[in-house]
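In what follows, chains carry the letters A, B, and so on, assigned in the order in which the sequence lines appear, proteins first and then strands, with residues in each chain numbered from 1. Just so you know, these numbers use all the heavy atoms, side chains as well, and skip hydrogens, waters and symmetry mates.
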Number of protein chains: 2
Amino acid sequence: MEALPRETVVDALEGRLREDILNGRHKKGSYLPPERELSEGYGVTRTTLKHAFERLVQAGLLETRHGVGTRVRDYARLGGADLLPALIRHSPDWLREVFEVRRGIGSLIASRAAAKATVAQVAELRELLAAVREAEGGARAQLADIEVHRGLARATGNRVYVLLTNTLFNAYLPLRGALVAPFSDADAACERLRPVVEAVAAHDERAAHSAADAYLAATERIMLDELGAGR
Amino acid sequence: MEALPRETVVDALEGRLREDILNGRHKKGSYLPPERELSEGYGVTRTTLKHAFERLVQAGLLETRHGVGTRVRDYARLGGADLLPALIRHSPDWLREVFEVRRGIGSLIASRAAAKATVAQVAELRELLAAVREAEGGARAQLADIEVHRGLARATGNRVYVLLTNTLFNAYLPLRGALVAPFSDADAACERLRPVVEAVAAHDERAAHSAADAYLAATERIMLDELGAGR
DNA sequence: GTGGCTCAGTGGCTCAGCCACTAGACATCG
DNA sequence: CGATGTCTAGTGGCTGAGCCACTGAGCCAC
């Protein structure tokens with residue numbers, strides 16, 4: 001078991017505000033009602049509202065100016081990738097685009113890893129791959145799979161690739177449950193992934209690139225089918 | 001002139017806490033002192049401290065659990081790319097890695113743009129490119145250059161590339177001033193960039209990829225030289 | 001052992017209020 | 001009449017005191 005998150009008032013309020021923003025109920029560039037008014041409308045204290053604001057500002061959806069007001073930012077134009085979880089939760093259309101990017105970047109990472117990986121990192125990758133096979137249940141296999149990708153990102157020797165990988169994972173982590181299909185057969189998942197690890201071990205950049213592309217295309221297809229069927 | 005940001009108490013507190021975390025003064029995995037104690041230590045109200053916490057939690061540096069405490073997350077392992085601005089501010093070593101990733105992804109974006117750009121987007125890219133030449137002063141040219149890259153990301157038809165581009169720009173935006181060197185000659189900057197736009201216009205994916213790689217490598221070199229000289 | 005109870009310590013949230021800032025209306029002056 | 005300074009309503013920033021809700025550890029009865 002693992003500690004499951006609890007929905008606090010601020011969480012709920014944040015979600016509500018975010019929906020209202022992403023839905024366009026608060027148009028971008030426009031000012032929100034004053035805090036005193038808005039907090040009364042939602043039936044919470046101004047302090048609580050401000051906590052929710054703090055998060056949305058940090059996320060790049062809002063912008064507050066002392067003495068003036070709180071404005072909705074043009075997030076589609078200026079926002080960063082950390083908005084993705086919110087955007088996907090609001091509209092799963094984004095998933096297709098996230099997967100496409102993940103494929104492009106995953107291939108890039110694999111090829112960089114092939115160029116840079118140390119022997120220790122190759123050994124670690126093999127261990128992480130083995131863990132996928134031994135995982136019990138789709139959910140576990142999925143997590144083990146993510147660890148392999150984190151390992152590949154580390155093997156590039158560039159920490160920014162690790163952060164980027166995390167960002168993309170975080171993007172669809174909230175929907176994780178709906179995306180276990182590719183991992184229900186742990187053995188198959190492991191075998192799909194193996195060519196990538198082996199190409200990296202052989203320091204063959206081109207092979208790593210195409211193996212990763214093939215792997216990501218395959219899992220992507222399964223996931224999207226699953227989602228399509230789920231509707 | 002433009003409105004310059006003001007340093008509020010929460011801003012200062014957030015910066016201080018972030019430094020203490022990134023410096024390792026608060027070790028990852030460890031619990032921070034209780035809010036009541038910490039707020040007294042910093043001479044602020046608990047409410048104010050919580051606002052700063054709210055941001056750091058959102059940024060992925062902290063994790064709070066009701067009834068237990070606030071723990072420092074293993075950000076290097078689990079954090080997302082939105083941490084980059086903070087990491088770079090704390091230690092510019094990250095810049096080299098950010099540039100490398102930007103080069104990889106920039107090339108990827110250029111080649112996707114070549115595959116996907118519509119005629120309208122190509123026309124827009126040419127306009128944005130012209131704006132680089134006409135920009136007055138290095139800072140303006142730099143901003144115009146960023147707009148071209150945003151345009152390229154849009155031209156991929158994949159909104160996630162736009163967000164990713166923004167994330168990478170945001171990463172070194174705080175240091176923007178130190179990185180104007182490549183843009184001091186607006187004409188030259190425009191000419192360096194032109195092959196990328198032309199390759200995209202010609203829908204030549206390979207040419208776009210290598211032109212972008214060459215362009216990014218060139219500007220990267222100039223920027224890193226500048227930084228190296230600045231020390 | 002096992003399960004339930006209590007309690008100290010922690011973060012979540014509220015409330016009422018004052019401070020600081022901004023923009024626009026207005027008065028003043030040259 | 002135009003430029004300049006002043007006032008003021010409305011906004012977000014921040015405070016301090018306080019209560020509520022949750023967690024974990026120690027204790028107890030079974």
Whole-Å distance between dG17(C) P and Arg46(A) CZ?
14 Å
5'-most contact on DNA chain D: Val9(B) or Gly67(B), nearest heavy atom basis?
Val9(B)
Here the distance between atom C1' of dC19(D) and atom CZ of Arg36(B), to the nearest Å, is 10 Å
Would you indicate what Thr45(A) reaches in the nucleic acid, counting non-hydrogen atoms under 4.0 angstrom: base, sugar-phosphate, or nothing?
base
For dC13(C), the Watson-Crick or wobble partner whose two distances fall under 3.5 Å
dG18(D)
Greater than 12 external heavy atoms within 6.0 Å of Glu40(A)'s CD:
no
Let me know the distance between OH of Tyr31(A) and P of dG10(D), rounded to the nearest Å.
17 Å
Below the 4.0 Å mark, does dG12(C) have OP1 or OP2 next to a side-chain nitrogen or oxygen of Thr64(B)?
yes
What nucleotide among dG11(C), dC14(D), dG16(D) has an atom nearest to a side-chain atom of Thr47(B)?
dG16(D)
Any side-chain heavy atom of Arg89(B) within less than 4.5 Å of one from Arg18(B)?
yes
Which part of the nucleic acid, if any, lies within contact of Thr8(B), taking any heavy atom under 4.0 Å across all strands shown: a base, the sugar-phosphate backbone alone, or nothing?
sugar-phosphate
In whole angstrom, what separates Leu38(A)'s CG from dT11(D)'s P?
12 Å
Please check the phosphate of dT10(C) (OP1 and OP2 only) for any side-chain N or O of Thr70(B) closer than 4.0 Å.
no
From C-beta outward on His66(B), which listed nucleotide comes closest to its side chain: dG12(D), dA21(D), dA23(C)?
dA21(D)
d(CG, Leu62(B); C1', dG12(C)) in whole Å:
16 Å
Is it the case that Arg112(A) and Asn158(A) place a side-chain donor and acceptor less than 3.5 Å from each other?
no
With a 3.5 Å cut-off and heavy atoms only, can you find an N or O donor on one side and an acceptor on the other between the side chain of Arg65(B) and the base of dG24(D)?
no
For the pair made of CD in Glu40(B) and P in dG16(D), what is the distance, rounded to whole Å?
11 Å
In whole angstroms, how far is the P atom of dG13(D) from the CG atom of Leu49(B)?
17 Å
Under 30°, 30 to 60°, or over 60°: which ring-plane class applies to Phe99(A) and Tyr172(A), parallel, tilted or perpendicular?
tilted
Ignoring hydrogens and angles, tell me if any N or O in the side chain of Ser91(B) forms a donor-acceptor pair with the backbone of Ile88(B) under 3.5 Å.
no
When the nearest nucleotide of DNA chain C is assigned to Val44(A) and to Leu32(B) on a heavy-atom basis, which residue is associated with the more 5' position?
Leu32(B)
Does Lys50(A) have a side-chain nitrogen or oxygen under 4.0 Å from the phosphate oxygens OP1 or OP2 of dG12(D)?
no
To the nearest Å, give me how far apart CG (Asp11(A)) and C1' (dC22(D)) are.
15 Å
